[in-house]
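Here the structure is laid out as structure tokens; the discussion comes afterwards.
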Amino acid sequence: MACARANLVLVRPEPGLAGGLLRVGLIAGLAWTTWLVVAGAVLARASPPRRRVIWPVLAPAGCYLVLVGADFAHSLPRGTLSNDPLDYRLWLGQAAMLVLMALGVAWGWVRDRRTRSAVVRLVMDTAQSPPPGGLRDALAGMLGDPGLELAYPVGEPPRHVRADGQAASVEPGKAQDVTPLVRRGRTVAILRHRAGLLEDPNLVDEVEAAARLALENERLQAEVLAQLEDLRAAQARIVAAGDDERQRLERNLHDGAQQRLVGVSLALRLAHSQSSVAPAPRLAGLLGQADRGLRLAIDELRELAHGIYPAVLADEGLAAAVEALAETSPTPVTIGDLPEERFPGPVETAGYFLIAEASQLAALAGANGITVDIEHDGNRLLVKITEERDAGPGHEMEAGLSDAADRVGALGGKLHVESLPGDTITIRAELPCGS
Amino acid sequence: MRVVIADDAMLIREGTARLLEDAGVQVVGKAADAEKLLQIVATEHPDVAIIDIRMPPTHTDEGLVAAEQIRSSHPDVGVLVLSQYLESRYATRLLEQHPDASGYLLKERVSDIGALKDAITRIAEGECVLDPTIVARLIKRPRHRGPLDELTDREREVLALVAEGRSNHGIAQILVLSPKTVEAHVSRIMAKLGLDDTPDYHRRVLAVLAFFRS
């Protein structure tokens with residue numbers, strides 16, 4: 001009874017039952033914490049980016065639960081929660097973990113704020129319409145992925161281009177994910193980024209919302225640039241098709257017509273030599289005349305074929321073709337630097353026809369001669385033609401070079417004509433040669 | 001003299017063979033492509049192989065490549081490349097590698113049996129032969145005033161024959177001069193052009209060609 005009086009909440013003095021219940025409680029607590037730790041571990045394996053985000057909270061939480069579990073386990077043999085020195089230490093540990101958890105939550109909050117202010121900065125940056133590609137730089141900086149790529153779907157059927165209108169890859173790579181930025185069901189842009197960078201859909205929406213105007217601007221710009229690139233490619237195809245046709249014609253003339261003429265000339269000679277009696281002077285004269293006519297025809301055909309497309313250009317390269325040009329050019333051609341290596345066909349052809357046209361124009365203008373210098377500088381072929389003449393403005397030259405200019409343009413190269421004091425005209429062409 | 005003819009055009013191959021045979025040259029083989037040509041050269045060992053520059057499969061410079069191969073692997077077989085091209089590059093490509101017993105003539109020379117026979121005879125004797133039209137084109141090439149302008153007409157004539165690969169003896173015969181006069185002309189020309197008057201006949205040809213092409 002004394003006991004009952006001392007304990008105001010005592011219902012029934014049954015120490016056995018009380019001990020049993022306490023033990024069940026401890027076991028339940030232990031099982032519960034164990035389950036929480038396992039569940040937390042499973043959650044933490046969810047995805048690398050999410051793990052990175054929740055790690056500062058999850059790690060201390062896990063430790064905390066382990067410590068609580070340890071306390072339960074420690075209490076189990078005793079049958080009751082108590083406060084021996086080990087319990088004290090475990091409590092201190094738990095308290096420390098709770099503090100760390102709080103710090104983790106605070107850090108996550110700060111990080112969110114930081115991302116948000118970066119998004120705000122992005123809005124500010126992009127509001128001032130950055131140069132093409134500037135948006136990519138801004139996003140790369142904001143998201144901390146220097147290798148980030150930004151592509152826009154353009155055209156029908158859609159293909160993907162960078163801000164400068166060049167084709168872009170939107171295939172996910174080994175460590176590269178692809179995230180579309182979607183507005184009202186329409187993909188406005190596609191980000192190719194470090195794997196796992198944009199797994200938070202809210203962040204993707206925020207990026208899309210923040211860069212909306214700039215994305216739209218840059219997409220339109222990219223579209224225009226892509227169309228220009230398409231035009232250039234079409235021009236290159238037209239030029240290439242024309243050159244193929246020229247080359248085919250040249251071959252046909254050489255291997256067909258010219259070969260036949262040589263054959264006829266041979267047959268004529270054979271006929272002449274086969275007759276047992278010497279032909280009458282009149283017939284001999286006629287045969288001679290026919291032979292001379294054939295030779296002239298062969299010469300003219302050769303010149304015609306060469307004008308259509310010089311075989312030496314395809315066979316032996318630009319250096320050989322320029323040398324051959326110097327052999328027949330109506331104006332003296334001085335050859336300076338001339339790389340002997342071979343370049344892609346369209347580059348050699350563009351370079352050759354530029355020099356050929358310039359030499360013809362120089363001859364028409366009564367120039368004293370031209371000097372040709374060709375330099376291979378990394379992935380460009382630099383062609384420089386210097387013309388010395390007594391008078392004559394440079395723009396005539398430019399107009400006369402329109403065909404060559406088309407070829408240079410089709411390659412995405414640059415052509416620059418400059419009249420220098422001292423009656424010198426310099427033509428410079430820069431041809432991308434991709435090697 | 002024994003020759004082999006390689007040309008993918010039947011008409012020209014057979015016609016040339018007939019003309020050569022009529023002129024007393026023995027045609028020991030005819031080929032329509034480079035592979036067959038190399039086979040015949042290996043078995044027949046002709047004095048000269050007459051080769052069309054354009055042959056199958058690509059019709060670009062197969063003949064030139066085959067000629068270079070023959071000169072390397074069968075030094076006793078001379079080569080005469082027949083070509084549609086006036087551009088000196090093809091010819092110099094052949095002559096610079098193998099100046100002895102090599103020749104380069106324009107295709108239409110096949111019907112000029114005199115020129116053809118003269119060329120293969122010279123090649124069989126180890127000379128080099130370059131088509132006069134190509135030489136004339138090189139000499140006439142527009143250029144700024146230079147040492148060529150200081151040559152007399154006779155000297156220019158001699159120079160052209162030197163560039164065609166003629167020996168002093170051959171030049172003397174053509175111009176009806178004494179060999180001594182030709183020798184004197186040649187050394188004066190070489191001095192005017194600033195070239196070494198080398199007694200080596202092949203080096204002399206190459207030096208003159210290099211001068212023209214520079």
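Everything numeric here is computed off the predicted structure, so don't read it as measured data. Computation of the quantities below employed the complete heavy-atom set of this structure, encompassing side-chain atoms and omitting hydrogens, waters and symmetry-equivalent molecules. Throughout, a chain's letter reflects where its sequence line sits, starting with A, and its residues are numbered from 1.
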Identify which part of A/Gln259 has an atom lying under 4.5 Å from any heavy atom of chain B, answering side chain, backbone, both or neither.
both

At a heavy-atom distance under 4.5 Å, which candidate from A/Glu327, A/Arg269, A/Gln258 has the highest pair count against chain B?
A/Glu327

Is the ring pair A/Phe343/A/His376 parallel, tilted or perpendicular, if the boundaries are 30 and 60 degrees?
perpendicular

Are side-chain N/O atoms of B/Ser167 and B/Tyr201 paired as donor and acceptor at under 3.5 Å?
no

Decide, yes or no, whether a salt bridge links A/Asp243 with A/Arg407 under the criterion of side-chain N to carboxylate O below 4.0 Å.
yes

Let me know if A/Glu323 has heavy atoms under 4.5 Å from chain B in its side chain, its backbone, both or neither.
side chain

Region of A/Thr331 in contact with chain B, defined by heavy-atom distances below 4.5 Å
backbone

Pick from B/Leu11, B/Ile113, B/Thr60: which one has the most heavy-atom pairs with chain A under 4.5 Å?
B/Thr60

Between B/Glu87 and A/His306, is any side-chain donor less than 3.5 angstrom from a side-chain acceptor?
yes

Using non-hydrogen atoms and a 4.5 Å limit, figure out which bit of A/Ser265 sits close to chain B: side chain, backbone, both or neither.
both

Contact leader toward chain A among B/Asp22, B/Asp7, B/Thr92, where contacts are heavy-atom pairs under 4.5 Å:
B/Asp22

If you tally heavy-atom pairs under 4.5 Å between each of B/Asp61, B/Thr133, B/Val110 and chain A, the highest tally belongs to B/Val110

Tell me, for A/Ile298 versus chain B, whether the close heavy atoms (under 4.5 Å) come from the side chain, the backbone, both or neither.
side chain

Checking heavy atoms, do the side chain of A/Arg251, its backbone, both or neither come under 4.5 Å from chain B?
both

Between A/Glu245 and A/Arg248, does a salt bridge (charged side-chain N to carboxylate O under 4.0 Å, His left out) hold up when you go through it step by step?
CA-CA 5 Å; A/Glu245 193 55 24; A/Arg248 199 182 62 78; 2.7 Å; yes

Flag the pair A/Arg295 and A/Asp291 as a salt bridge only when some basic side-chain nitrogen lies within less than 4.0 angstrom of an acidic carboxylate oxygen.
yes

Structural part of B/Phe212 lying under 4.5 Å from a heavy atom of chain A
neither

Greatest number of heavy atom pairs closer than 4.5 Å to chain A - which of B/His59, B/Arg137, B/Arg143, B/Lys107
B/Arg137

Correct closest heavy-atom pair for B/Ala115 and B/Arg109 would be CB-CD, 4.4 Å

Quick one: which of A/Leu266, A/Val333, A/Thr334, A/Leu325 has the most heavy-atom pairs under 4.5 Å with chain B, could you say?
A/Leu266

Residue B/Leu106 versus chain A: region with a heavy atom under 4.5 Å:
side chain

Between A/Glu340 and B/Arg89, is there a salt bridge with N-O shorter than 4.0 Å?
yes

Can you tell which part of A/Ala305 gets under 4.5 Å to a heavy atom of chain B, answering side chain, backbone, both or neither?
neither

Tell me whether A/Arg302 is salt-bridged to A/Asp299, with the criterion being a basic N under 4.0 Å from an acidic carboxylate O.
yes

Is it the backbone or the side chain of A/Ala326 that comes under 4.5 Å from a heavy atom of chain B, or both, or neither?
both

Per-residue contact mode, A/Ala320 against chain B (heavy atom under 4.5 angstrom):
both

Whether over 12 other heavy atoms sit under 6.0 Å from B/Asp196 CG:
no

Between A/Glu375 and A/Lys384 (salt bridge meaning N to carboxylate O under 4.0 Å), is one present in this structure?
no

In terms of heavy-atom proximity below 4.5 Å to chain A, should B/Leu19 be classed as side chain, backbone, both, or neither?
both

